[in-house]
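These notes are about the structure you will find just below.
Both ligands and their constituent atoms are indexed starting at 1 by order of listing.
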Amino acid sequence: MTPRQSIRVPLGERAYDIIIADNLLEDAGALLRPHLRRPRLFVVTDENVASAQRARLEAGLAATGVEASFITLAPGEATKSFAELQRLVSELLDLGVERSDLVAAFGGGVIGDLTGFACAILRRGCGFVQIPTTLLSQVDSAVGGKTAINVPQGKNLVGAFYQPKLVIADISALATLPARQIRAGYAEIVKYGLISDAAFFGWLEVHGPALLEGDAAARIHAVKTSCAAKAAIVAEDECETGRRALLNLGHTFGHAFEAAFGYSDKLLHGEAVALGMALAFDYSVRIGRCDEADASRVKRLLRNAGLPCEISDLDADLKADALITYMLQDKKVEQGAITLILTDAIGASVVVKDADRADVADFLKAKTGR
Ligand code: GLY
């Protein structure tokens, strides 16, 4: 076992730790025991995670006498719905969850977002911990308290800020993930370098290939650096009234592509974010904020990792007007103005609140050719 890394998310009474290491599931009981009022944990997971990792978590809980009740949902974005939320909340109530109990989200972003929202509203807020099992959820969605479901009008439009009491990021759980999911999570890791840490971006240029191949030390370093960066931003702006919007680098463009693909597995969130970050750099070059050399460096790193960085990399016939319409559904739209996270350089991202909508449309027309 590698030495445990720990990052504190300093939010006063709601502060919590993110524990990062390999083989942590085997120790889950000991890690959770101090947070449990009674030796019982309610675990929400999906079928894929259950078949790959449930036995490890169960053994880790049983080692300290913690009894676990599992609720296993279908994998995939469709699970983040009102219908599934209703079913989950009813099932948790039927199992007898009390306000002082802990419910664990054991899975990726879908399970984390749905379970977190269920916990935020169940008995007006019951205990919640995150045990993320994908690279993307370990570096982003399990940290910071954003919880949500999707509605027909758009993704994550109904939700709450609700912080977990602990995050357990077991790097060993990544071993069973398909390479495509690892690459998608890697895009969010690259994001932290691009937002404010040029040295970390340089580290990824050297160590990214080892991380993608499965090197545990590289993964632990990258997850720890990403979580520390996120914790610092969340501590400053928990409810995204300002600086936290930087964490959406690549997301406004990216969400438009996800919407165009119907939020399906044809384009994973991390893949959309990679393309969105490349476009944010290209657009920043277009308006004279950023050097072409930086945009090329970013696209080289993404391409070498097998991630899309041009619209032509997607297998779809997309129109600029449709993409702009999707961008206007973004949560950051204010009085019809598009907020974009743009950049002055690698490691120097900025929130631009009133991006020129017509110019963004022209940029996308030039990129899509229509
Ligand atoms: N994933 C962006 C945020 O947590 O703010």
Side-chain angles (χ1 to χ4, degrees), residues 7-11 14-16 18 77 80 105 107-117 119-120 128 130 132 134-150 154-164 167 169 181 184-197 222-259 263 268-277 280 327 329-334 339-343 349-353:
I7 300 288
R8 185 96 177 141
V9 186
L11 286 170
R14 285 167 295 105
Y16 56 96
I18 307 162
E77 195 70 31
K80 269 175 65 171
V110 167
I111 290 298
D113 283 6
L114 173 73
T115 307
F117 189 37
C119 291
F128 163 51
Q130 289 269 17
T134 63
L135 188 56
L136 191 136
S137 56
Q138 291 187 352
V139 298
D140 190 48
S141 60
V143 174
K146 275 191 181 174
T147 72
I149 55 169
N150 304 326
K155 204 177 152 167
N156 294 333
L157 291 185
V158 176
F161 287 99
Y162 193 64
Q163 301 294 342
V167 180
Q181 294 281 353
Y186 183 68
E188 295 276 5
I189 290 175
V190 173
K191 183 183 81 175
Y192 294 104
L194 297 181
I195 290 174
S196 60
D197 192 345
V223 173
K224 183 186 174 191
T225 307
S226 302
C227 288
K230 182 154 189 181
I233 291 179
V234 168
E236 210 180 299
D237 178 22
E238 184 181 3
C239 296
E240 199 172 305
T241 52
R243 192 170 153 72
R244 184 165 180 168
L246 287 173
L247 294 172
N248 292 310
L249 174 65
H251 285 60
T252 308
F253 286 115
H255 279 161
F257 295 105
E258 286 184 278
Y263 301 104
L268 300 178
H269 175 66
E271 293 168 339
V273 167
L275 174 57
M277 293 190 299
M327 286 173 81
Q329 273 296 335
D330 190 83
K331 287 181 290 306
K332 297 183 296 307
V333 167
E334 274 179 34
T339 297
L340 283 180
I341 315 308
L342 298 177
T343 182
S349 291
V350 282
V351 181
V352 175
K353 280 207 168 266

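- Take Thr252 and apply the side chain to side chain donor-acceptor pair (under 3.5 Å) test, not counting sequence neighbours, and it matches Lys332.
- Residues passing the side chain to side chain donor-acceptor pair (under 3.5 Å) test with Tyr16, sequence neighbours excluded: Gln163.
- At a 4.0 Å heavy-atom cut-off, the residues surrounding ligand 1 are Asp140, Lys146, Lys230, Glu240, Arg244, Leu247, listed by chain and number.
- Between the CD1 atom of Ile189 and the OG atom of Ser226 there is a distance of 4.5 Å, given to the nearest 0.5 Å.
- Contact check for Val167 versus Pro132: side-chain heavy atoms found under the 4.5 Å cut-off.
- For Gln130, there are no side chain to side chain donor-acceptor pair (under 3.5 Å) partners at least two apart in sequence or on another chain.
- To the nearest 0.5 Å, the span separating CD1 on Ile149 from CG on Leu114 amounts to 7.5 Å.
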